[in-house]
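Questions regarding the structure given below will be posed in turn.
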2 protein chains.
Amino acid sequence: MAEKVTIATVARHAQVSRQTVSNVLNAPHIVREETRRRVQEAIAALGYRANQAARQMRTGRSRLLAVRIEPTRDGINGSVLDRFLHGLTETADAAGYRVLLYTARDDDHEIATYDDLLGAYDLDAFVLTGTKHGDPRTAWLAEREVPFVTFGRPWDAPEAHPWVDVDGAAGTAQATRRLLDTGHRRIAFLGWPAGSGVGDDRRAGWRTTLAAAGLDGAALDRETEDGITNGEREMRDLLAHDGPPTAVVCASDSLALGALQAVRDAATPVAVIGFDDTPVAAAVGLTSLSQPLAVAAARCVELLTDLLDGQPTDPHVLLTPTLVLRHTA
Amino acid sequence: MAEKVTIATVARHAQVSRQTVSNVLNAPHIVREETRRRVQEAIAALGYRANQAARQMRTGRSRLLAVRIEPTRDGINGSVLDRFLHGLTETADAAGYRVLLYTARDDDHEIATYDDLLGAYDLDAFVLTGTKHGDPRTAWLAEREVPFVTFGRPWDAPEAHPWVDVDGAAGTAQATRRLLDTGHRRIAFLGWPAGSGVGDDRRAGWRTTLAAAGLDGAALDRETEDGITNGEREMRDLLAHDGPPTAVVCASDSLALGALQAVRDAATPVAVIGFDDTPVAAAVGLTSLSQPLAVAAARCVELLTDLLDGQPTDPHVLLTPTLVLRHTA
DNA sequence: CCAGAAACTTTGAACGATCCAATCCTGCCG
DNA sequence: CGGCAGGATTGGATCGTTCAAAGTTTCTGG
């Protein structure tokens, strides 16, 4: 078995000192052209790779990003995280970072995990998904000046910390406009109870677009917890009342799927639009709003690397979802 | 800002030497009870955490596992990986390991990534998902004696290396038996082209169960690439021929969903059973076979830690899927 | 031809943990 | 009471890298 290749091996092979090799790696411009080439040839020839542990011990930086992987809740929206993670890993790779996973039952455990990861692994930064009002996690991290980015806006204070998000209101507005353009006038909204930033945002897009068209949807606005059965129940209820809607915009694909089942045995066809463009939507032909997850992930990594390199950038990125047209609208 | 807490800080605080602290952590039994307690109190009081980088440099072990995250293909089966990852992270955590993600376009890139991860991060082990016939990745790893486990059997040589898998044949057998029990006699199978280990396995379960009941399904066996539209086409074709099936077992939820759409406008009801119990199945009420992913992940970690600790265990684990009954069968 | 500066290169120390070998106790036995 | 065995504790060396400072060569201009 070949002995380990260290910076000293490379140095000997290239007839220079350790430090020169280190300079070639970390500050190439201060090394003479010809020397640099010789060192790089030695590196390639020996298959040398800088030992991260040793580097980390000296510099205190690990080139590691941590991301939480949550248990898929109702399952339907799970693959959103999946695609985000993939994008994150790919972009991080390109920037010379690696992605470490962690889980946590609740906020307290999550904070304990931060402490653990920072203490034991010297993590460089965190990516959080799904922030909520008054999030204790962001407060903890900010207090300790740990670099982090959230995928999801801080709804309390938009300037509080770096974030990347998808413009839900723009999405539902786009969906509503599409329905208006195709002749619909009685357009309902199936969303979550008021109070969640994401949910309120998505509802707002629908309401303002209706208002801009001189319509008032107040009677066609429903609030319910996420889930297929909830969606179906509310939609049946909407259809049972006077002046039933001819179309519905939903805050999630789960709700939309429920609506779709309620609509199946309706007298006249009803258009349905979901949110998240999950595999289920693709499977059943549901028109839905697709989040640019790969782009979002890439921007998260970009924000973090800039932050870690001390480069100032605008730390707030808002992306627009795309309406994917299928059979249902 | 508080100064960094190292093993020396703890030693000073507990009035012992560095080595004693190290012993408390790595070989508690050789330290006197009372001393051990004193050291542990100091550790707790100071919030000390062993620096992984330093430990790794000396021991050559990183307590890091690597898992590949693949781009979700047709999307429907994506969440399978998602749930597996979550289970993996949770179990690894409990065993004192962390999970590192990586991606790779193809096998060559993946092998290059192994090299990179081993060289730079001293990775302890790899978890591979989805092995295929004559996999170059497992060969590479085995040759270098890198510990790894695959989620999925090596179909060429079952004893080649440690693996965890779900018994597909047992699953489809269970599904077929269920259909037989509820009176069905003409039970079709919608699977993938022969040649893939997983696909052949799932088909075998159906065939042998039919044979055991004295039935021959040869005429009701279809092979097609995965996907909803493929499933729908094949199912329509089956229904159009003489002696159409009254039930169908599918190799995936994608195929089952296609079958479901074909069946919708059939004269008589046809039972459909899918495989993987994806969120889509739950959403549309499709009866499907559920893989015990959390258990599989846990067993993977178990196998690896045993391997790393030099403990001999039976390195081949075959788990049985569960039939989740819903509306369609 | 030499002083002085510029441009690199070399050397030694440090990061924080573990391993190794040596020393210090403590209790026990002769 | 001395000696000894055995476990508990200690100090020094070490892993591979980067930082800091000192050393060397090369080049330029007077």
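FYI, side chains are in, hydrogens and waters are out, and symmetry mates aren't considered; it's all heavy atoms of this structure. Labels below follow one simple rule: chain letters A, B, ... track the order of the sequence lines, proteins then strands, and each chain is numbered from 1. Since we're looking at a predicted model, the values are computed, not measured.
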Nucleotide of C/dT10, D/dT10, C/dC15 approaching A/Gln19 most closely (side-chain heavy atoms): C/dT10
Touch class at under 4.0 angstrom, heavy-atom based, for B/Ala53 against every strand present: nothing
Nearest-Å distance for atom pair CD/P, residues B/Gln52 and C/dG16: 15 Å
Non-hydrogen side-chain atoms of A/Met57 and B/Met57 separated by less than 4.5 Å: yes
B/Asn51 CG - D/dG16 P separation (whole Å): 17 Å
Nucleotide D/dT9, atom P - distance to CD of B/Glu33 in whole Å: 12 Å
Shortest non-hydrogen separation from A/Ala66 to A/Leu117 and the atoms involved: CB-CD1, 4.2 Å
Residue whose nearest DNA chain D nucleotide is more 5′ - B/Ile30 or B/Arg58: B/Ile30
Closest nucleotide among D/dT10, C/dT9, D/dG16 to the B/Val16 side chain: D/dT10
Rounded interatomic separation in angstrom, taking CD from A/Gln56 and P from D/dC19: 14 Å
Short side-chain N/O contact from A/Ser22 to OP1 or OP2 of D/dC19, under 4.0 Å: no
Length of the line joining B/Arg61:CZ and C/dA17:P, which is rounded to integer Å: 18 Å
Presence of salt bridge, B/Asp124 and B/Arg63, under 4.0 angstrom: no
Residue met sooner reading DNA chain C from 5', once B/Arg32 and B/Ala54 are mapped to nucleotides: B/Ala54
Distance, rounded to the nearest Å, where A/Tyr121 contributes OH and C/dG16 contributes P: 18 Å
Spatial distance of atom CG (A/Leu304) from atom OH (A/Tyr97) [nearest 0.5 Å]: 8.5 Å
Minimum side-chain heavy-atom gap B/Arg98-B/Asp93 below 4.5 Å: yes
N/O donor-acceptor pair under 3.5 Å between B/Gln15 side chain and B/Arg38 backbone: no
Any B/Asn26 side-chain nitrogen or oxygen under 4.0 Å from OP1 or OP2 of C/dT18: yes
Touch class at under 4.0 angstrom, heavy-atom based, for A/Thr6 against every strand present: sugar-phosphate
Atom-pair distance (NE2 on A/His29; P on C/dA7), nearest Å: 12 Å
Base of C/dG12 paired with side chain of A/Arg18 (donor-acceptor, under 3.5 Å): yes
Selected nucleotide, minimal atom distance to A/Met57 side chain, candidates C/dC15, C/dA17, D/dT18: C/dC15
B/Glu34 CD - D/dT9 C1' separation (whole Å): 14 Å
Phosphate-side-chain proximity, A/Tyr48 and D/dT17, N/O vs OP1/OP2 below 4.0 Å: yes
Quiz item: B/Arg55 side-chain donor-acceptor pair to C/dT18 base, under 3.5 Å: no
Under-4.0 Å side-chain N/O to phosphate OP1/OP2 contact, B/Asn23 with D/dA8: no
Short side-chain N/O contact from A/Thr59 to OP1 or OP2 of D/dC19, under 4.0 Å: no
